[in-house]
Amino acid sequence: MSEKTTPIVDYSDLEFKQGSGVHIWDEVIYPWFVHAETLDAMSDFQVRHDDVYVISYPKSGTTWTQEIVSLINSNGEPDSVKDKHVEERVPHLEMSTAIPGTILYPRITAMPDDKPRLIKTHLPYQHMPKDFLVKKPKIVYIARNYKDVSVSGYSFLRMYKAYDDVGSWNDFCQGVLLKELTPYGPWTAHVLGWWQHRRDKNVLFLKYEDLKKDLRGGVIQIADFLGKPLSDEAIDKTVEHCSFKTMSRNPMTNFTGLDAFDHKVSSFMRKGGTGDWKNWYTVAQNEAMSKLIEERIQGSGLEFDYEPAI
Ligand code: A3P
């Protein structure tokens with residue numbers, strides 16, 4: 001799906017750091033764990049008609065949406081998902097192994113074809129497997145306001161042992177966020193790329209802030225979209241199982257078992273809300289970020305809530 005776009009960000013200063021940094025593939029910055037070979041291989045990846053993709057810009061509530069989709073797929077029965085990590089139930093399409101030149105997606109191609117595959121990806125629209133345009137699988141896209149995404153992302157990079165020291169918030173905000181040098185490319189490009197397809201029949205475009213305000217409504221909406229309407233009892237169980245409180249205590253969703261993270265630095269399930277950015281952004285940083293976001297998304301009709309939900 002290589003629709004060439006003009007890069008809006010100057011990547012010329014970006015250093016490629018093998019093993020712990022980023023690289024550029026088709027004008028988009030990718031983290032080291034997404035190898036160029038994996039991205040090349042997307043042109044041959046076979047999509048299935050009944051696949052379900054959970055898609056997002058990182059730190060937008062992907063794990064939350066994976067868990068909701070997974071539980072709906074199991075008819076809202078928490079027992080059926082309690083022994084398998086969410087990343088196994090809804091594997092990450094472009095995650096590559098640490099060995100250069102190898103790709104993990106064969107474990108996805110090997111998934112049985114008698115039930116829908118649930119797949120997570122952070123790929124921007126233009127880098128999705130070519131076959132995706134032909135097969136038109138169901139897509140649940142989750143978007144979140146960038147100020148909270150960026151704070152969540154900064155905290156995540158701090159705890160991710162594979163990354164070099166990310167430095168202070170001030171340096172990160174000035175040197176990475178406001179220069180739009182984040183992995184998976186600028187947030188605005190990613191979200192707008194999918195927003196333009198929000199009316200496609202196979203796409204459900206959701207916002208984190210709406211889910212936060214009305215999780216039950218979101219669960220019903222996703223279940224209906226997936227063609228798996230649930231009983232009231234199953235909806236109640238799904239809502240309870242996917243609440244922040246329950247997910248942050250569940251080892252199958254809270255990533256506490258993952259050695260790649262230093263859990264003393266931060267947690268994966270950190271605050272789980274809207275508005276924490278106010279504790280991080282200075283007045284000047286907020287003004288600069290608001291201006292940047294407005295410049296990029298104006299006229300698109302895309303809007304976000306930034307205020308803490310009541
Ligand atoms: P915070 O760091 O702001 O707490 P992703 O899964 O895309 O990496 O996103 C992680 C963010 O989603 C984290 O945000 C995490 O706490 C939040 N999250 C995960 N599960 C959630 C839930 N059940 N309810 C609300 N937020 C959730």
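Note that the numbering runs from 1 along the sequence shown for the chain. Numbering of ligands and ligand atoms starts at 1, following listing order.
On a distance-only criterion, Tyr57 and ligand 1 share no N/O pair closer than 3.5 Å. In terms of polar-atom proximity, defined here as any N/O pair under 3.5 Å, Gly272 does make such a contact with ligand 1. Residue-to-ligand polar distances keep Asp148 apart from ligand 1: every N/O pair is separated by 3.5 Å or more.
Residue, atom and distance of the protein heavy atom nearest to atom 6 (O) of ligand 1 are Thr63 OG1, 2.6 Å. The nearest heavy-atom contact from the protein to atom 23 (N) of ligand 1 is Cys242 O, 3.0 Å. Protein heavy atom in closest approach to atom 26 (N) of ligand 1: Tyr208 OH, 2.7 Å.
Under the 4.5 Å side-chain heavy-atom criterion for Ile, Leu, Val, Met, Phe, Trp and Tyr, Met95 and Phe132 are members of the same hydrophobic cluster.
Against a heavy-atom cut-off of under 4.0 Å, Lys59 is close to the following atoms of ligand 1: 5 (P), 7 (O), 8 (O), 9 (O), 10 (C). Near Met269, the atoms of ligand 1 lying under 4.0 angstrom from a non-hydrogen atom of the residue are 16 (O), 19 (C), 20 (N), 21 (C). Remark: ligand 1 atoms within the under-4.0 Å shell around heavy atoms of Met247 are 20 (N), 23 (N).
Put simply, no part of Ser155 is less than 4.0 Å from ligand 1, judged by heavy atoms. Heavy-atom distances between Gly61 and ligand 1 reach below 4.0 Å in at least one pair. Residue contact annotation: Phe268 has a non-hydrogen atom under 4.0 Å from ligand 1. Heavy atoms of Arg144 come nearer than 4.0 angstrom to ligand 1 in at least one pair.
Residues Tyr57 and Thr182 form a side-chain contact, since some pair of their non-hydrogen atoms from C-beta on lies under 4.5 Å apart. Phe45 places a side-chain heavy atom less than 4.5 Å from the side chain of Thr109. Side-chain contact between Lys212 and Asp305 is absent, with no heavy-atom pair separated by less than 4.5 Å. Between Glu87 and Lys120 there is a side-chain heavy-atom pair separated by less than 4.5 Å. Residues Phe255 and His85 are in side-chain contact: their nearest non-hydrogen atoms beyond the backbone lie under 4.5 Å apart. Annotation: side chain of Trp280 is not in contact with side chain of Phe172 (no heavy-atom distance under 4.5 Å).
To the nearest 0.5 Å, atom CD1 of residue Ile139 and atom CG of residue Asp200 are 8.0 Å apart.
When heavy-atom distances to ligand 1 are checked against a 4.0 Å cut-off, Phe156 has no atom that comes that close, whether in backbone or side chain. No part of Ser56 comes within 4.0 Å of ligand 1, judged by heavy-atom distances. Only backbone heavy atoms of Ser243 (N, CA, C or O) come within less than 4.0 Å of ligand 1; its side chain stays farther off. The proximity of Ser152 to ligand 1, defined as any non-hydrogen pair under 4.0 Å, involves the side chain as well as the backbone. Contact annotation: for Arg270 versus ligand 1, heavy atoms closer than 4.0 Å belong to both the backbone and the side chain.
A cation-pi geometry, defined here as NZ or CZ lying under 6.0 Å from the six-membered ring centre and within 45° of its normal, does not hold between Lys201 and Phe225.
Counting heavy atoms of neighbouring residues, nucleotides and ligands inside a 6.0 Å radius, atom CZ of Arg249 does not exceed 12 of them. With a 6.0 Å radius and a threshold of 12 heavy atoms from other residues, nucleotides or ligands, Glu295 has its CD atom above the threshold.
When each of Trp187, Trp277, Tyr146 is checked for a ring pair (Phe, Tyr, Trp, His ring centres under 6.0 Å) with Phe304, only Trp187 meets the rule.
The heavy atom nearest to atom 7 (O) of ligand 1, considering only Thr253, Thr62, Asp276, Val54, is found in Thr62.
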